[in-house]
Amino acid sequence: LFEDFLETNKDSLITLEKYLNLRNTNMLRGIETRSTNSITVQSAYIIKEEPSRKRAGYFWTVKSENNSTVNAENVISKEVVKIPKKSLVMGLRSFSGRPTIDVGEDMDYVVTEYVDKFFDSVKKDRRKDKRKQAFEWGQYVKERKASLFINRRFVLPAQGTVHLAYTSQEPIVAPATLWCIPKLTPIENKIQALWLNSSFNLIQLLLSKIQDVWVAIHEYSLNDYMVINPDKLTTHQKKNIEELYDEIKDKEFPSLIDQFRFQYKLRKSIDSLFLKILGYDRDEIDELLTKIYKLLIKEFEALDKLM
């Protein structure tokens with residue numbers, strides 16, 4: 001069924017690799033602890049809620065902030081360090097269970113420059129001083145700032161799996177469980193976020209994955225995924241996609257499995273819009289989506305039993 005769909009719409013679709021090459025950008029894994037640097041992901045975060053002592057490595061929370069600075073408090077010593085916001089980027093520690101496609105504004109901070117006393121908890125590296133470590137870490141983090149993110153590693157039928165892709169209004173950093181795609185325009189982020197969350201992209205994922213409830217989307221596989229080609233869209237079609245995105249970006253979706261189990265209406269809105277843009281009439285849309293949803297429900301039922 002999907003091969004027929006691809007063949008019918010081949011002029012409107014493009015591989016993700018070709019699309020990113022045309023936009024002079026690429027995919028990067030989100031931030032993770034690097035073997036070449038003793039600064040850990042956890043040690044660089046300033047989080048807005050005090051972390052559980054069981055979650056080792058998180059040392060700093062936001063005590064207060066204003067437009068230019070953040071006062072970070074060490075959860076152990078209670079020492080407060082003032083950090084300029086120019087030395088920080090916004091970041092999320094986890095996307096699991098996040099119900100909206102747009103991640104919103106409730107994010108933590110990641111330190112990207114050397115700040116006196118902040119990295120005192122980091123293990124010494126005989127090869128480098130802490131200023132050099134902080135500089136290398138900051139360069140690594142900054143190049144991963146993006147506004148479009150693709151889930152890289154997740155459990156398909158889990159209640160915490162809601163979306164296959166996310167967006168943010170401003171560039172932020174994400175954890176290594178996601179692929180980050182920087183440098184796209186705001187409208188292209190919206191177009192691809194909806195496409196990547198469509199049932200057609202889900203089918204690609206199911207066809208390429210190993211038969212298990214865990215999914216790990218490798219770069220070589222994702223590069224071959226077909227995405228909608230914005231260069232083939234009219235101004236009116238782009239406007240229709242942007243209007244739907246703006247309408248649903250803040251809506252709380254149920255888990256991915258429940259979107260099919262309970263026939264969530266916004267799921268159908270996304271799929272129907274792309275089929276309409278691709279030239280299908282109303283009867284064809286209803287017939288195709290009825291077939292696809294029945295098959296996807298069966299697939300999720302099997303995965304749910306396996307889990």
Side-chain angles (χ1 to χ4, degrees), residues 1-2 4-6 8-9 12-13 95-104 106 148-151 154-169 186-207 215 225-228 230 233-234 236-304 307:
L1 187 67
F2 192 62
D4 288 343
F5 173 80
L6 291 181
T8 301
N9 302 290
S12 300
L13 303 173
F95 281 58
S96 178
R98 192 161 289 270
T100 59
I101 292 174
D102 186 288
V103 298
D106 185 23
L148 179 63
F149 308 94
I150 303 173
N151 242 328
F154 52 96
V155 178
L156 256 173
Q159 286 297 311
T161 300
V162 182
H163 298 293
L164 299 179
Y166 293 88
T167 58
S168 65
Q169 298 291 322
I187 180 62
E188 289 188 312
N189 286 325
K190 295 176 181 181
I191 291 168
Q192 298 306 346
L194 287 193
W195 172 263
L196 291 165
N197 279 309
S198 72
S199 295
F200 312 111
N201 185 55
L202 175 60
I203 292 168
Q204 294 186 103
L205 187 155
L206 290 168
L207 288 171
V215 173
Y225 281 24
M226 303 302 292
V227 297
I228 203 82
L233 298 175
T234 66
H236 181 67
Q237 288 170 336
K238 290 179 181 178
K239 183 180 178 183
N240 286 341
I241 294 174
E242 186 169 30
E243 286 175 350
L244 179 60
Y245 171 90
D246 290 340
E247 178 187 337
I248 70 174
K249 66 178 182 179
D250 298 324
K251 297 284 194 303
E252 294 195 358
F253 281 61
S255 65
L256 192 59
I257 187 173
D258 285 346
Q259 290 175 39
F260 292 98
R261 185 183 280 158
F262 303 117
Q263 300 182 37
Y264 189 55
K265 63 179 182 179
L266 295 184
R267 152 76 38 199
K268 188 171 184 179
S269 296
I270 295 171
D271 296 337
S272 297
L273 177 59
F274 281 115
L275 287 177
K276 183 179 178 182
I277 286 170
L278 291 170
Y280 292 75
D281 64 32
R282 180 175 296 180
D283 289 341
E284 289 173 323
I285 291 171
D286 289 341
E287 181 181 357
L288 182 56
L289 291 184
T290 297
K291 285 181 182 178
I292 286 174
Y293 291 168
K294 283 182 179 178
L295 293 169
L296 286 172
I297 287 167
K298 286 183 180 180
E299 182 76 13
F300 269 107
E301 286 174 350
L303 289 169
D304 198 31
M307 184 173 69

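Basis for what follows: all heavy atoms, side chains included, without hydrogens, waters or symmetry-related copies.
- L206 places a side-chain heavy atom less than 4.5 Å from the side chain of L296.
- Between F95 and F149, the distance separating the two ring centers is shorter than 6.0 angstrom.
- The side-chain heavy atoms of K294 and K298, taken from C-beta on, include no pair separated by under 4.5 Å.
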Which is it for S269 and I248 under the side-chain contact (heavy atoms from CB on, under 4.5 Å) test, yes or no, and what are the steps along the way?
-> CA-CA 10 Å; S269 296; I248 70 174; 5.8 Å; no
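- Here the OG atom belonging to S199 is positioned 8.0 Å from the CD1 atom belonging to I270, to the nearest 0.5 angstrom.
- Interatomic distance, T100 OG1 to E252 CD, rounded to the nearest 0.5 Å: 7.0 Å.
- Within the 4.5 Å cutoff, the side chain of N240 has heavy atoms near those of the E243 side chain.
- Taking 4.5 Å as the limit, every side-chain heavy atom of I203 sits out of range of all side-chain heavy atoms of L1.
- Atom CG in L196 sits 10.5 Å away from atom CG in N151 (nearest 0.5 Å).
- For the residue pair N197 / Y245, no side-chain donor-acceptor distance below 3.5 Å is found, with atom types taken as modelled.
- Using a distance-only test at 3.5 Å, with no hydrogens or angles considered, a donor-acceptor pair links the side chain of Q192 to the main chain of I228.
- Using a 4.5 Å cut-off on side-chain heavy atoms (C-beta onward), P254 and Y264 make contact.
- Ring geometry for W195 versus F274: interplanar angle over 60°, hence perpendicular rather than tilted (30 to 60°).
- Of all heavy-atom pairs between P157 and L303, the closest is CG-O, 3.8 Å.
- Applying side-chain contact (heavy atoms from CB on, under 4.5 Å) to L164 and the options I150, V215, L205 leaves one that passes, L205.
- Atom OH of Y166 is separated from atom CG of D102 by 11.5 Å, given to the nearest 0.5 angstrom.
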Worked verdict on D271 versus K268 for salt bridge (Lys or Arg N to Asp or Glu O under 4.0 Å) = CA-CA 5 Å; D271 296 337; K268 188 171 184 179; over 6 Å; no
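- Rounding to the nearest 0.5 angstrom, the gap separating the CG atom in L207 from the CD atom in E299 is 8.5 Å.
- Side-chain contact check for Q204 and N201: at least one donor-acceptor pair (N or O, by modelled atom type) lies under 3.5 Å.
- Heavy atoms only, all atoms of each residue included: A158 and S255 are closest at O-CB, 4.1 Å.
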Please assess L202 against L156 for the test side-chain contact (heavy atoms from CB on, under 4.5 Å), listing each intermediate value before the final yes or no.
-> CA-CA 10 Å; L202 175 60; L156 256 173; 4.1 Å; yes
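- Between R282 and I285, the closest side-chain pair of non-hydrogen atoms is not below 4.5 Å.
- For Q263, the CD atom is loosely surrounded, since the number of other residues' heavy atoms within 6.0 Å does not exceed 12.
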Between R98 and V162, does a side-chain contact (heavy atoms from CB on, under 4.5 Å) hold up when you go through it step by step?
-> CA-CA 7 Å; R98 192 161 289 270; V162 182; over 6 Å; no
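- Note on ring orientation: taking the six-membered ring where Trp is involved, the planes of H163 and F253 are perpendicular (angle over 60°, cut-offs 30° and 60°).
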Evaluate side-chain contact (heavy atoms from CB on, under 4.5 Å) for I257 paired with Q159, printing each intermediate quantity in order.
-> CA-CA 7 Å; I257 187 173; Q159 286 297 311; 3.8 Å; yes
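- Atom NZ of K249 has more than 12 heavy atoms from other residues, nucleotides or ligands within 6.0 Å.
- Put simply, the side chain of T161 gets close to the backbone of V155: a donor and an acceptor are under 3.5 Å apart.
- Without hydrogens or angle criteria, R267 side chain to F260 main chain gives no donor-acceptor distance under 3.5 Å.
- Note that CD1 of I292 is 4.0 Å distant from CG of L288, once rounded to the nearest 0.5 Å.
- With D281 contributing its side chain and E284 its backbone, the two residues share a donor-acceptor pair below 3.5 Å.
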